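Notes follow the structure.
Bear in mind the structure is a predicted one, so any value in this text is a computation, not a measurement.
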Amino acid sequence: QENIKGLYRMATHVDEAVGKLIQTLKDQGVYDKTLLIFSTDNGNLHGEHELAEKWVPYEESIRVPLIIVDPRMHKSQHGTRNEEFTLSIDLAPTMLG
């Protein structure tokens, strides 16, 4: 349970830091001109398979979150969610494509 608590604390800290970054971009008037990409190096198990963290290659631990905020996206796509997972090997082609 301590490991999971630590993960949630870290996620909360990252959320706060990203919020400050977004507010700074808005304050500087460049938020609507900035492409934001957020990902991590791995996923985590949160009790699935009776395991925690990332030590075994189950799907939940090898897939990574990927959040893209692109001001060039059509307004109808803003706030949409794609339920497909990504792998780290997907990141470079996505960012450079």
Evaluate I22 against L36 for side chain to side chain contact (heavy atoms under 4.5 Å, CB included), listing each step before the verdict. CA-CA 9 Å; I22 289 172; L36 298 172; 4.1 Å; yes
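When the side chain to side chain donor-acceptor pair (under 3.5 Å) test is applied to D27, the partners found at least two apart in sequence or on another chain are Q23. Scored by the side chain to side chain donor-acceptor pair (under 3.5 Å) test, S76 finds H74 as partners (sequence neighbours excluded).
When all heavy atoms of M73 and H78 are compared, the closest pair comes out as O-NE2, 3.2 Å.
The side-chain contact (heavy atoms from CB on, under 4.5 Å) test with I37 singles out one residue from D70, V69, I67, L66, and that residue is L66.
Atom CG of L25 is separated from atom CG of D32 by 10.0 Å, given to the nearest 0.5 angstrom.
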